[in-house]
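Before any comments, here is the structure.
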2 protein chains.
Amino acid sequence: MLTIGQLARYVGVSTKTVRVYHAKGLLPEPERDSSGYRRYAADAVVELVRIRMLADAGVPLARIRELGSTPEELALAVQQIDTDLTARIKSLRDTQRRLRKLAAGEISILPSNVEDHLAGLPALGFTDRWIAMERDLWIIVYATHPELADTLFQDQAQSLTDPELRNLYLAADHAHALDPDDPFLVELADRIVAASIQRYGTEPPGSDADPAIPDLLQNTLNASSPGWQRLDSLIRGRMADVGFTLRTSPGGRRAE
Amino acid sequence: MLTIGQLARYVGVSTKTVRVYHAKGLLPEPERDSSGYRRYAADAVVELVRIRMLADAGVPLARIRELGSTPEELALAVQQIDTDLTARIKSLRDTQRRLRKLAAGEISILPSNVEDHLAGLPALGFTDRWIAMERDLWIIVYATHPELADTLFQDQAQSLTDPELRNLYLAADHAHALDPDDPFLVELADRIVAASIQRYGTEPPGSDADPAIPDLLQNTLNASSPGWQRLDSLIRGRMADVGFTLRTSPGGRRAE
DNA sequence: TCTTGACCTTGCCCCTAGGGCAATGTCACA
DNA sequence: TGTGACATTGCCCTAGGGGCAAGGTCAAGA
């Protein structure tokens, strides 16, 4: 008769695996010889091969144990394991495809229309710094307000088709390098506030939903350059003057 | 900024998963706000997506952590993960194929030539009981003595092509149903011993390698019917009389 | 006969990638 | 001022074994 090692070697598993199957009740404990060694008959080989086949297919051991009952039940279970296996193969292939896109740098975190929009910005004259900032902004917006983000994005994308607004955005982009005392910043702030009021009245889209978004933008901008910080400060001052709804989030917590 | 829940939802994982990635050093711990909540910036989303992609591909988290160093190294690693993924897909498909064979009852534990040999036995007049016994015997032989088994099997298969020997085996098969006192058993034992000596001299193949195999056969036979037990006993007696090498394993331990 | 190396036994702790719970603190809304 | 959804840390649990310890056994060679 077979020792545990011979059984395990023949089927291609470790002795530990066989013992685990005994402990889990998958494989019946065989007789012991006079020194306490397990002694297996040939049917244990057949049974162990069956178990390994199912385990290799990813069936949990607990389910394999319950499986052996009736032949119809077993056939049904095998059917189900088969479709499950097909699904897993498909999922692996999908993963492989996405991994290759990742390696090629074509990974898209944002919806593809947003990625397309960002990809078009360099041609309009925006700096990489600005684009990176905007990209981060949209990631945050889509993560925090998935139901609003599309609307906000459509508005933003559409506003770039207006040459005047586009020039304001471009000017803001390039204000990054300006000295905080540059008088151009005052003029730019005035023009931005005027354009905003013309476009939205005193109630900008999204402002009724969550005050965190403007805060967020502000923080991102301010951290980046003194010129931007000054520009933001000017805009906020002008907005408040004309009663523009620019609530600061309570305690400023959301923007910390 | 994002809370852990927003980050997790956006990427499609649980908050626990994100915390685990922090604990394992995969994702840097972000700043905390005044109440101790984690606050994430947009780059955490990008990083988390990258980690999930690799994790989905089956890369262990410990390896993902070591991965980020140089771009060439990463490209090489991704290359390797890709081939690994291909191998896993192939292995799953093999498993699926074997599972279908299992479901169809076409599973082969033994080498295919042995299975073919067994499949041919019914046509020669052997009973299912004999074939099942022989199958078990070959499983044990291949498991215990993989290097000898092929030689022994070739000899056995070849001996069946001799009509006289084949008739002896058939007679032994059908002796299962005989009464232990049937005089035919004595005659059959004589003929088997004579044929064995004619074929092998007094040194049967495999006897010099391990005495367990004859013991094994004996035990299997004896457990099955009184007729067989008697036949075996007669054969052993005759063999010993003529000096045939039929060692019993020391203490009989291997056959327990 | 004694030693040596390869087996076997049980029991214990370890791993991965998280899940789930508890106890507690916070946030936002009504 | 509640209330439900969210956050925090810490702890134990899972599957499918791996690995080690401390001991018992077996076969072969000196």
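All chains are named by letter (A, B, ...) in the order of the sequence lines, taking the proteins before the strands, and each is independently numbered beginning at 1. Predicted, not measured: the structure shown is a model, and the values here were computed from it.
In this structure, CE of B:Met1 is placed 15 Å from P of D:dA7, rounded to the nearest angstrom. In this structure, the CG atom of B:Leu48 is 14 Å from the C1' atom of C:dA17, given to the nearest Å. Remark: P of D:dG16 and CG of A:Leu54 are 12 Å apart, rounded to the nearest angstrom. Computed from coordinates, the B:Arg19 CZ to D:dC11 C1' distance equals 14 Å when rounded to whole Å. When rounded to the nearest whole Å, the span between NE2 of A:His22 and C1' of C:dT10 equals 14 Å. Atom NE2 in A:His145 sits about 11 Å away from atom P in C:dA28, given to the nearest Å. A straight line from OH of B:Tyr40 to P of D:dC6 spans 16 Å, rounded to a whole angstrom. If you measure from atom CG of B:Leu26 to atom C1' of C:dA17, you get 11 Å, rounded to the nearest angstrom.
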A:Arg65 vs A:Tyr21, side-chain hydrogen bond (donor to acceptor under 3.5 Å, both in side chains): CA-CA, chis, key distance, verdict
CA-CA 9 Å; A:Arg65 180 180 42 212; A:Tyr21 291 173; over 6 Å; no
Stepwise side-chain hydrogen bond (donor to acceptor under 3.5 Å, both in side chains) check, B:Ser14 with B:Thr17
CA-CA 5 Å; B:Ser14 70; B:Thr17 300; 2.8 Å; yes
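Between A:Ser35 and D:dC26, a side-chain N or O to OP1/OP2 separation shorter than 4.0 Å is present. Between C:dT10 and A:Arg32, a contact under 4.0 Å exists linking OP1 or OP2 to a side-chain N or O. Listed pair B:Arg52 / C:dG18 meets the phosphate criterion, a side-chain N or O lying under 4.0 Å from OP1 or OP2. Dashed line: the shortest gap from a side-chain N or O of B:Thr3 to OP1 or OP2 of D:dA7 is under 4.0 Å. Contact annotation: A:Ser14 side-chain N/O to D:dG18 OP1/OP2 distance is under 4.0 Å. Contact annotation: B:Arg38 side-chain N/O to C:dT26 OP1/OP2 distance is not under 4.0 Å.
Salt bridge annotation for A:Arg135-A:Glu115: present, with a cationic side-chain nitrogen under 4.0 angstrom from a carboxylate oxygen.
Between the B:Thr95 side chain and the B:Ser91 main chain, a donor and an acceptor come within less than 3.5 Å of each other.
Of the residues near DNA chain C, A:Tyr37 and A:Glu29, the one whose nearest nucleotide (by heavy atom distance) lies more toward the 5' end is A:Tyr37.
In this model, a side-chain donor or acceptor of B:Lys16 finds a partner on the base of C:dG19 within 3.5 Å. At a cut-off of 3.5 angstrom, counting only N and O atoms as typed in the model, there is no donor on one side facing an acceptor on the other between the side-chain of B:Tyr21 and the base of C:dG18.
Comparing D:dA7, D:dG18, C:dT26 by their closest approach to the side chain of A:Thr17 singles out D:dG18.
Taking the six-membered ring where the residue is Trp, A:Trp138 and A:Phe153 present perpendicular rings, their angle passing 60° and hence far from 30°.
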